[in-house]
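We're numbering straight along the sequence, starting at 1. Keep in mind that the numbers below use all heavy atoms, side chains included, and drop hydrogens, waters and symmetry copies.
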Amino acid sequence: MIDNLPSLAQQPSGNEGTGLQDLYFDQSGQLFGIIGLGTNPDVRDNTLSVSAFGQAIAINLTGTPSWSPVADLANFERNNNPDRDEVDSNPYSLVVQNGVIYATDAGGNSLLRVDGNGAITAIAAFPVRSVTPPPFIPNLPNPFPMQAVPTGMAIGPDNQLYIGQLTGFPFPVGGANVYRFNGTNLEEFATGFTNIIDLAFAPDGSLYVLEYASNFLAGDFSGQLWRIAPNGTRQSILDEGLSFPTGLAIGDDGAIYVANQGFVGGQGQILKITSTPEMTSVIALGVTALMGLRLRSKKKSTSL
């Protein structure tokens, strides 16, 4: 339907792709998207010469499908740098609420608001946290300053924003949080995850949390899907068959849909997961185009 969207990946493997990274319908049925970048916006403008990278876009599905830029999030990072660290932008996830776009910038460690007139505001900057580096990486300071790298986002039953974090280098096991933005501040909602890539709420108020990898630096690239019930109890829904999953959605039929194998070119899948107290079944719906991503811990320029 929509052609000529910008994308970029390693050649010839197709790995570490970036391009259209998220989609979201607002209450009127208008479709919005977000296009990643994964570097300093100067590289986009002076080397890639593709201005659509790092932008929120509106997608028109009536008549001849088309798209148009709404807000240059990468340029906002360049001019404002909300986290006061290295200038690096990788817009990753968006939601739309009451005509306002909210977006995470995984490179800029920021939560951004885009009003209907296109004005961009940084409503939160995710803090650097001090963590203990893994023992198999020598000569690192302890504690080590870890970037947040905010990724997937969802609107909760309380109409507040919930944001997961991939974490940056050294990607500590159990070091990723789910944050809740209460309209003023970020607060920890759930802790102890690893490399969160996406979030989704089910109709019953449960929050599903998708992990990109279990121990990236140790070579364990298996993902995991968790459910946090409304009462706070936590359950592993799926810990087999996931490898570098990158996206999560819950259908009207109650099934869970996961974009899997998002790192390796040509091997992407959409999995349909149906879960009951007695069993969990996983169906591969088909191979899709590359759904990789490139997220950076800015101090080490570590790509996933």
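Put simply, the side chain of Asp198 never gets that close to the backbone of Leu210: no donor and acceptor are under 3.5 Å apart. Side chain of Gln55 to main chain of Ile35: no donor-acceptor pair is present (N/O by atom type, distance under 3.5 Å, no hydrogens or angles). Side-chain atoms of Asp26 come within 3.5 Å of backbone atoms of Ser28 as a donor-acceptor pair (strictly under, hydrogens ignored). Within the 3.5 Å criterion, the main-chain N or O of Asp88 finds a donor-acceptor partner in the side chain of Glu77. In this structure a side-chain-to-backbone donor-acceptor pair under 3.5 Å is missing from Asn215 to Val173. Without hydrogens or angle criteria, Thr194 side chain to Gly174 main chain gives a donor-acceptor distance under 3.5 Å. Remark: side-chain polar atoms of Asn195 are not paired, donor with acceptor, to backbone N or O of Ser214 under 3.5 angstrom. Although no hydrogens or angles enter the test, the distance criterion places no donor-acceptor pair under 3.5 Å between the side chain of Asp115 and the main chain of Gly118. Between the Gln224 side chain and the Glu211 main chain, no donor and acceptor come within less than 3.5 Å of each other. At distances below 3.5 Å, not a single donor-acceptor pair connects side-chain atoms of Gln235 with backbone N or O atoms of Arg227.
Taken from CD1 in Ile57 to OG in Ser66, the straight-line distance is 10.0 Å, to the nearest 0.5 Å. Of the inter-residue distances, the one linking Gln21 atom CD with Ile34 atom CD1 reads 8.0 Å to the nearest 0.5 angstrom. Expressed to the nearest 0.5 Å, how far CG of Leu238 lies from CG of Asn260 amounts to 9.0 Å. A distance of 8.5 Å separates CD1 of Ile256 from OG1 of Thr274, quoted to the nearest 0.5 Å. Rounding to the nearest 0.5 angstrom, the gap separating the CH2 atom in Trp67 from the CG atom in Asn4 is 9.0 Å. Here the straight-line distance linking atom CZ of Phe244 with atom CD of Gln261 works out to 8.5 Å at 0.5 Å rounding.
Between Asn142 and Pro133 the shortest heavy-atom distance is OD1-CD, 3.6 Å. Across all their heavy atoms, Ile196 and Leu199 have their closest contact at CG2-CD2, 4.0 Å. The shortest non-hydrogen separation linking Val70 to Ala58 is CG2-N, 3.4 Å. Between Ala106 and Asn109, the shortest heavy-atom distance links the atoms O-OD1, 3.7 Å. What you find for Pro230 and Gly205 is that their closest heavy atoms are CG-C, 3.9 Å. Taking every heavy atom of both residues into account, Thr64 and Asn60 meet most closely at O-ND2, 4.2 Å.
In this structure the side chain of Gln30 never reaches within 4.5 angstrom of the side chain of Val96, judged on heavy atoms. Pro150 is not listed as a side-chain neighbour of Leu111, based on a closest heavy-atom distance of 4.5 Å or more. Taking 4.5 Å as the limit, every side-chain heavy atom of Tyr92 sits out of range of all side-chain heavy atoms of Val149. Side-chain atoms of Thr132 and Pro172, non-hydrogen and from C-beta on, never get closer than 4.5 Å to each other. Side-chain contact check for Arg113 versus Leu161: every heavy-atom pair is 4.5 Å or farther apart. Inter-residue side-chain proximity for Leu8 and Val50 is flagged as unmet; no heavy-atom pair is nearer than 4.5 Å. A 4.5 Å side-chain heavy-atom check between Val131 and Thr167 finds every atom pair outside the cut-off. Using a 4.5 Å cut-off on side-chain heavy atoms (C-beta onward), Leu166 and Ile197 make contact.
Checked options Tyr102, Phe181, Tyr179, Phe201; the residue passing with Tyr162 is Phe201 (criterion: ring pair (Phe, Tyr, Trp, His ring centres under 6.0 Å)).
Linking Ile, Leu, Val, Met, Phe, Trp and Tyr whenever their side-chain heavy atoms come within less than 4.5 Å puts Leu271 and Leu248 in one cluster. Residues Val95 and Phe25 are members of separate hydrophobic clusters, defined by side-chain heavy-atom contacts under 4.5 angstrom among Ile, Leu, Val, Met, Phe, Trp and Tyr. Clustering ILVMFWY residues whenever any of their side-chain heavy atoms sit less than 4.5 angstrom apart, transitively, puts Ile250 in a cluster other than the one holding Val209. Tyr208 and Tyr212 fall within a single hydrophobic cluster, where Ile, Leu, Val, Met, Phe, Trp and Tyr side chains are chained together by heavy-atom contacts under 4.5 Å. If you chain together hydrophobic residues whose side chains sit under 4.5 Å apart, Met153 and Val178 never meet in one group.
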Please test Asp105 against Ser110 for side chain to side chain donor-acceptor pair (under 3.5 Å), starting from the C-alpha separation and ending with a verdict. CA-CA 5 Å; Asp105 190 328; Ser110 56; 4.6 Å; no
Does the side-chain contact (heavy atoms from CB on, under 4.5 Å) test come out yes or no for Leu73 and Val114, once each step is laid out? CA-CA 9 Å; Leu73 307 178; Val114 182; 3.9 Å; yes
Start with the C-alpha distance between Tyr24 and Ile155, add both sets of side-chain angles, then the distance that settles side-chain contact (heavy atoms from CB on, under 4.5 Å), and finish with yes or no. CA-CA 11 Å; Tyr24 197 91; Ile155 300 173; 3.6 Å; yes
Chi angles and distances behind the side-chain contact (heavy atoms from CB on, under 4.5 Å) call for Ile120, Asn80: CA-CA 10 Å; Ile120 306 171; Asn80 297 274; over 6 Å; no
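Applying the salt bridge (Lys or Arg N to Asp or Glu O under 4.0 Å) rule to pairs touching residues 29-44 yields Asp42-Arg78, Arg44-Asp72, sequence neighbours excluded. Sorted by first and then second residue, the pairs that involve residues 166-194 and meet salt bridge (Lys or Arg N to Asp or Glu O under 4.0 Å), not counting sequence neighbours, are Asp158-Arg180, Arg180-Glu187.
Taking the six-membered ring for Trp, Phe169 and Phe144 have ring centres closer than 6.0 Å. For an aromatic pair to be called close, the ring centres must be under 6.0 Å apart, and Phe221 with Phe216 satisfies this.
Ser93 and Asp22 are linked by a side-chain donor-acceptor pair at a separation below 3.5 angstrom, with hydrogens and angles left out of the test.
Within 6.0 Å of the CG atom in Asn139, the count of heavy atoms belonging to other residues, nucleotides or ligands does not exceed 12.
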